> 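First the structure, which I've put down as structure tokens, then a few questions once you've had a look.
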Protein chains: 2
Amino acid sequence: MQLSSKEHLGRRMASPPPKQTMKERILETADKLFYLQGIRAIGVDTIAAEIGISKRTLYNHFPSKDALIAAYLERRFVQPRPSDKPPAEQILGTFDSLERRFASKDFRGCPFVNAVAEIGVEDPSVRKTAVKFKESRRLWFRDLLTQLGVADADALATQLALLVDGSIAQDLVRHDPAMARAAKEAARVLLQNAGVKLPA
Amino acid sequence: MQLSSKEHLGRRMASPPPKQTMKERILETADKLFYLQGIRAIGVDTIAAEIGISKRTLYNHFPSKDALIAAYLERRFVQPRPSDKPPAEQILGTFDSLERRFASKDFRGCPFVNAVAEIGVEDPSVRKTAVKFKESRRLWFRDLLTQLGVADADALATQLALLVDGSIAQDLVRHDPAMARAAKEAARVLLQNAGVKLPA
DNA sequence: CTTTAGTTACACAGACCTGTGTACTTAGGC
DNA sequence: GCCTAAGTACACAGGTCTGTGTAACTAAAG
């Protein structure tokens, strides 16, 4: 079950490959379990056991489960990388990548929305992180729409964000990647209606 | 704290006003607490205490918490009543009523989506109920669109459902009724694009 | 009045969970 | 060879949760 003696990661800054820090190993495993099975469903013992470390070690890196949850959500927060593709293509590509993620059996909805549903009432910081994430994606849309010369880029960005979250929620319950295609078609109509010329 | 001696409901079929059956009282309270605070966050003790009954009584009406959860979700499943308003008005009215619900401080997202996020992994029946609900609303949209003579009513119904769930998810994290208005505007564009003539 | 169904009060088993305390081991750095 | 930092093993306190067992009570119906 545990293979702790076989590998000794966790040293600081070995010359070229620092491999993976213990903190990162914990976060990686917590991410997998929290996301796939739910934050409340997973105890710290389960996370430690999955890595093969003692619970004590986990608590030496994170003062509490709440801190681990916060770190999990912060780590999920990734900005989309700037791309040199045409803006319209980037926007519509969002729904293609959603469709790919929906097709995976490991997709379980939006981690931020799920976290709010699970513990949003008793931990307000979770909701704040979720808002930050939602807003960052909305602004990403808005920036691309502005590049396209769309008049009311702000309003349209919100609408596109609705389609993204709608398809995610629908896929969470239906497990149907077609939800991403439906969202893409709707997005296409909204973009065309705003005067954006779309390829093919 | 408990006022059990003051009221003695729970008799069977008194002539005109059966008032409220014990089972219904339990379900009503479970609904409030499960929805507002989360299924996992609320224990059966809390529900019993809130009504002022003993835990034993609760378990005499529901064999397990899982059964209570299932009944809670079934009870949340309400079909929209048939209306004589014009179909387009009914469709857009959906978003107005969403906006009203968002404005309430007691709105906490879609109970079915939340339930799937909370316990969907370990209780597959929850997801099945959620699918049933989502599909019933989609079909309600589809029927109205068919009445409007929309060609691909099925696809458009799916897209409208995405907007509904998207605005609910966004409001869950943002607490912003404007999400409903944004969804309504998007719906308007999609309907017009499908050839539906809209008032005002 | 007696029977019966529903309820209450309360204890408790068994599980699980977060977080801590403690003594031991291991591996580098100097 | 010694020191220090990190991890391990393991017990345990204190809390919560689901579900059950039991004896007493209450009210309605016959």
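In this text the structure is predicted, and so the values were computed from the model without any measurement. Sequence lines set the chain letters: A, B, ... in the order given, protein chains first and strands last, and positions in each chain run from 1.
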> Residues in ring-ring contact (aromatic ring centres under 6.0 Å, His included) with F62(B), at least two apart?
none
> Going by distance alone, is a donor N or O of one side chain under 3.5 Å from an acceptor N or O of the other, for D143(B) and Q147(B)?
yes
> Given atom CD1 of I119(A) and atom P of dT18(C), what is their separation to the nearest angstrom?
12 Å
> Between C1' on dA5(C) and CE on M22(B), what's the gap in Å once rounded to a whole number?
13 Å
> In terms of side-chain heavy atoms of R56(B), which of dT8(C), dT18(C), dG19(D) is nearest?
dT8(C)
> On DNA chain D, nearest-nucleotide positions of N60(A) versus I42(B): which is more 5'?
N60(A)
> Considering all heavy atoms of both residues, which atom of R108(A) and which atom of Q37(A) are nearest to each other, and what is their separation?
NH2-C, 4.1 Å
> Out of curiosity, L160(A) CG to L145(A) CG, how far, rounded to the nearest 0.5 Å?
6.0 Å
> Rounded to the nearest angstrom, tell me the gap between atom CD1 in I47(B) and atom P in dT16(D).
17 Å
> Quick one about S104(A) and D106(A) (side-chain donor to acceptor, distance below 3.5 Å, no hydrogens or angles considered), yes or no?
no
> Separation of L58(B) atom CG from dA9(C) atom P, in whole Å?
14 Å
> Could you give the CD1-to-C1' distance, from I26(B) to dG6(C), as a whole number of Å?
12 Å
> Closest approach to the side chain of I53(A), judged atom by atom: which nucleotide of dT8(D), dT18(D), dT8(C) is it?
dT8(D)
> From NZ of K65(A) over to P of dG15(D), roughly how many Å is that when rounded to an integer?
19 Å
> How long is the line joining CG of D45(A) and P of dA11(D), in whole Å?
14 Å
> Salt-bridge test for R181(B) and D96(B): reply yes if a basic N is under 4.0 Å from a carboxylate O, no otherwise.
no
> How is the base pairing of DNA chain C summarised as a dot-bracket string, given the Watson-Crick and G-U wobble criteria with both distances under 3.5 Å, [ ] for crossing and | for another strand?
||||||||||||||||||||||||||||||
> Would you indicate, yes or no, if dA6(D) has its OP1 or OP2 atom less than 4.0 angstrom from a side-chain nitrogen or oxygen of H61(A)?
no
> To the nearest Å, how far apart are I39(B) CD1 and dT18(D) C1'?
16 Å
> State which of dT18(C), dT8(C), dT18(D) makes the closest approach to the side chain of K55(A).
dT18(C)
> Answer yes or no: are there more than 12 heavy-atom neighbours, outside R101(A) itself, under 6.0 Å from its atom CZ?
no
> Closest-nucleotide mapping onto DNA chain C: is S54(B) or R40(A) further toward the 5' terminus? I mean the 5' end.
S54(B)
